[in-house]
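Structure below; questions to follow.
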Amino acid sequence: MNSTKDSKELKIILKTVFGLEQVLAEELKELGFKETKILNRAVEITGNWKDVYFLNLHVRCAIAVLVEIESFRFSSEEDLYKKCMKTDWTQYFSVDKTFAVKGAVFSSLFKHTQYPHLLLKDAIVDTFRDKTGERPNVNIKTPQVLFDLYIQQNDAVISLNTSGVPLYQRGYRQVAGEAPLNEVVAAGLIRLSGWDGKTDFMDVFCGSGTLLIEAGMYAAKIPSNIERTHYAFKNFANFDSALWEKIYDEANKKCSSLPCKISGSDISPDMVTKAKRNLSGVAVGRFIDVQTKSFDELEKTDDNPLTIISNPPYGERMGDEVIEMYGDLGTWMKHKMPNSECWIISSNEDALKNVGLRPDRKIRLYNGDLECSFRKYKIFEGSKKSQFEKRAGYSDSYSSSEEE
């Protein structure tokens, strides 16, 4: 296996969620990776093992950092196994480490999409047995080493997942809400909004505080994964602990102030307590204000520009109650939040239609398994005093900047 000191170029694939490919590519360019290739739910770059370590710590909008190690064509199930047996798998990890194989298979050659994973697993085990007389154990739930197998018809790509558990497991969350927002999605929403990290920021459905923490880390230029300690690359045979410690030591960890005001609120006292507990575990937490209030109890009284990003309840099962709440939310935005950019993510189309404001942008993406719409509402300075159309007579039409 290549040493981390080798200059050999690696093909690095950063996986993300649908809808965040472009902002991930932009983030990578900001981190110094000028050549990016956008794929389906992923972005490809080239680099070395130092870059792999750096990316796992610093990247905000990626779920995992993969390093491609093999790619080949095959003609049958038997041929796939034979091709996998040509690789010396003992170069990647030692027999005392657990491993697993995951990935995606799109091929008519297999009746069961999991079968290729079993073939690769068997090849890895058989290689160890032939070379060492021992076999490593498989651990599907919490493997120390994770291989990613991607098959498209007769083409196979095998990669090392250098992250292990998804990178949205930042390490700072002490308690979760009932429906916590994925941290990678939260970071992606912030970048999609175009927030500069200097304008005041607010979340009026803050839940356990994910958007607030991601915004604070972004504004303070602290890596979101600074509190995370577990990475799969630490279990690889070529792990360079001195190099990793150098990268970690050079990362910004402290925050003496924020360049803007970041605040949050939630109607649930229990959620606010959880948010404060999570905030207490990060360097930016003491500079972020959270209070127990409903959104309609808040009013913007200054002329400073404000960015609001919120993940309100989707509440399909709540029926008219949640639809009415979205209507109240729209009324509140246009009368109480002048000179603001308000962003809402939701999977409830009927509720979104009841906001009663024309969205400047609509972006389709996923929050977990839910297909959502992320919508921007630009509220101008005069909105508070203007006469608005009655919601009952409002025509639900959208501007030409729609992206759905």
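Keep in mind the model is a prediction, meaning the values are calculated, not measured.
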If you define the side chain from C-beta out and look only at heavy atoms, does anything of V138 sit under 4.5 Å from I124? no
For the backbone of G207 and the side chain of D266, can you confirm whether one donor and one acceptor N or O come within less than 3.5 Å of each other? yes
Using modelled atom types and a 3.5 Å cut-off, is there a donor and acceptor pairing between side-chain atoms of E21 and backbone atoms of G19? yes
Do you see a donor-acceptor pair shorter than 3.5 Å between the side chains of D126 and Y81? yes
In terms of ring plane angle, is the pair W332 and F295 parallel, tilted or perpendicular, where the classes change at 30° and 60°? perpendicular
Determine the sole option in F93, Y92, F236 for which the ring-ring contact (aromatic ring centres under 6.0 Å, His included) test with F99 is passed. F93
Any chance you could measure S224, atom OG, to I190, atom CD1, to the nearest 0.5 Å? 8.0 Å
Would a 4.5 Å heavy-atom cut-off, applied to side chains only, mark D88 and T127 as touching? yes
Minimum heavy-atom distance between I151 and P116, given as atom pair plus value: CD1-CB, 3.6 Å
Is the closest basic N to carboxylate O distance between D302 and K300 below 4.0 Å? yes
Going from NZ on K376 to NZ on K378, what distance comes out if it is rounded to the nearest 0.5 angstrom? 6.5 Å
Spell out, as yes or no, whether a donor-acceptor pair under 3.5 Å connects the side chain of N354 to the backbone of I323. yes
Is Y314 reaching over with its side chain to a backbone N or O of L370, donor-acceptor style, under 3.5 angstrom? no
Can you name the closest pair of heavy atoms from Q153 and S108 and give their distance? OE1-OG, 3.3 Å
Is the centre of the W89 ring less than 6.0 Å from the centre of the F128 ring? no
Is any side-chain heavy atom of M333 less than 4.5 Å from a side-chain heavy atom of I344? yes
Interatomic spacing from CD in E297 to NZ in K336 - rounded to 0.5 Å: 10.0 Å
Counting C-beta onward and ignoring hydrogens, is there a side-chain heavy-atom pair between I38 and Q22 closer than 4.5 Å? yes
Run the side-chain hydrogen bond (donor to acceptor under 3.5 Å, both in side chains) check on E214 and Y172 step by step: do they pass? CA-CA 11 Å; E214 290 295 324; Y172 62 64; 2.6 Å; yes
Which class fits the ring pair W195 and Y218: parallel under 30°, tilted 30 to 60°, perpendicular over 60°? tilted
Hey, mind stepping through E349 and R375 against salt bridge (charged side-chain N to carboxylate O under 4.0 Å, His left out) and telling me if it holds? CA-CA 11 Å; E349 186 69 25; R375 302 191 177 188; 2.9 Å; yes
Modelled atom types, side-chain donor and acceptor of N137 and T98, under 3.5 Å: no
Heavy-atom pair with the smallest gap, counting every atom of G164 and L146: O-CD2, 4.3 Å
Going through the checks in order, is the side chain to side chain contact (heavy atoms under 4.5 Å, CB included) test met by L66 and N161? CA-CA 5 Å; L66 308 184; N161 186 324; 3.6 Å; yes
When you look at T36 and I45, which way does the side chain to side chain contact (heavy atoms under 4.5 Å, CB included) test go after all the steps? CA-CA 5 Å; T36 62; I45 60 172; 3.8 Å; yes
Working to the nearest 0.5 angstrom, can you tell me the gap between H58 NE2 and L31 CG? 7.5 Å
Backbone N or O of D303 within a donor-acceptor pair of the N339 side chain at under 3.5 Å? yes
Any side-chain to backbone donor/acceptor pair from S373 onto K362? Under 3.5 Å, distance only. no
Dump the intermediate steps for side chain to side chain contact (heavy atoms under 4.5 Å, CB included) on R60 and R191, then the final yes or no. CA-CA 10 Å; R60 302 179 194 274; R191 291 196 68 97; 5.7 Å; no
Rounded to the nearest 0.5 angstrom, the CG-OG distance for N311 and S346 is 8.0 Å
Could you pull out the closest heavy-atom pair between L57 and A251, with the gap in Å? CD2-CB, 3.8 Å
Heavy atoms from other residues, nucleotides or ligands near NZ of K253 exceed 12 (cutoff 6.0 Å): yes
Any side-chain heavy atom of C84 sitting closer than 4.5 Å to one from L119? no
Neighbour count above 12 (heavy atom, 6.0 Å) for K234 NZ: yes
Is the side chain of T16 donor-acceptor paired with the backbone N or O of C61 at a distance under 3.5 Å, no angle test? yes
Could you check if a side-chain atom of Y377 sits within less than 4.5 angstrom of a side-chain atom of M337, using non-hydrogen atoms only? no
Of all the heavy-atom pairs spanning V59 and R170, show the shortest one and how long it is. O-NH1, 4.1 Å
Could K82 and F74 be counted as a cation-pi pair, given that NZ or CZ must be under 6.0 Å from the ring centre and within 45° of the axis? no
Could you check D296 against S294 for side-chain hydrogen bond (donor to acceptor under 3.5 Å, both in side chains), going step by step and ending with a plain yes or no? CA-CA 5 Å; D296 52 10; S294 172; 2.8 Å; yes
Check against side-chain hydrogen bond (donor to acceptor under 3.5 Å, both in side chains), D196 and T199: CA-CA 6 Å; D196 59 5; T199 303; 3.1 Å; yes
Do D96 and S94 meet the criterion of a side-chain donor-acceptor pair at a distance under 3.5 Å? yes
Any donor and acceptor pair, going by atom type alone, linking the side chain of N278 with main-chain N or O of Q174 inside 3.5 Å? yes
Are K50 and D240 packed together at the side-chain level, in the sense that at least one heavy-atom pair is separated by less than 4.5 angstrom? no
Passes side chain to side chain contact (heavy atoms under 4.5 Å, CB included), M325 versus E321? Steps please. CA-CA 6 Å; M325 184 199 70; E321 182 182 346; over 6 Å; no
Measure from the side-chain N and O atoms of S107 to the backbone N and O of F110, and report whether any donor-acceptor pair falls under 3.5 Å. no
May I ask you to check whether over 12 heavy atoms, not counting those of E78, lie within 6.0 Å of atom CD? no
Any side-chain heavy-atom pair from V95 and K131 closer than 4.5 angstrom? no
Is there a donor-acceptor contact under 3.5 Å from the side chain of S310 to the main chain of V204? yes
Check R173 against T210 and note the closest heavy-atom contact, atom names and distance. NH2-OG1, 2.6 Å
Distance alone, cut at 3.5 Å: any donor-acceptor contact between the side chains of Y231 and N225? no
Interatomic spacing from CG in L211 to CD1 in I308 - rounded to 0.5 Å: 12.5 Å
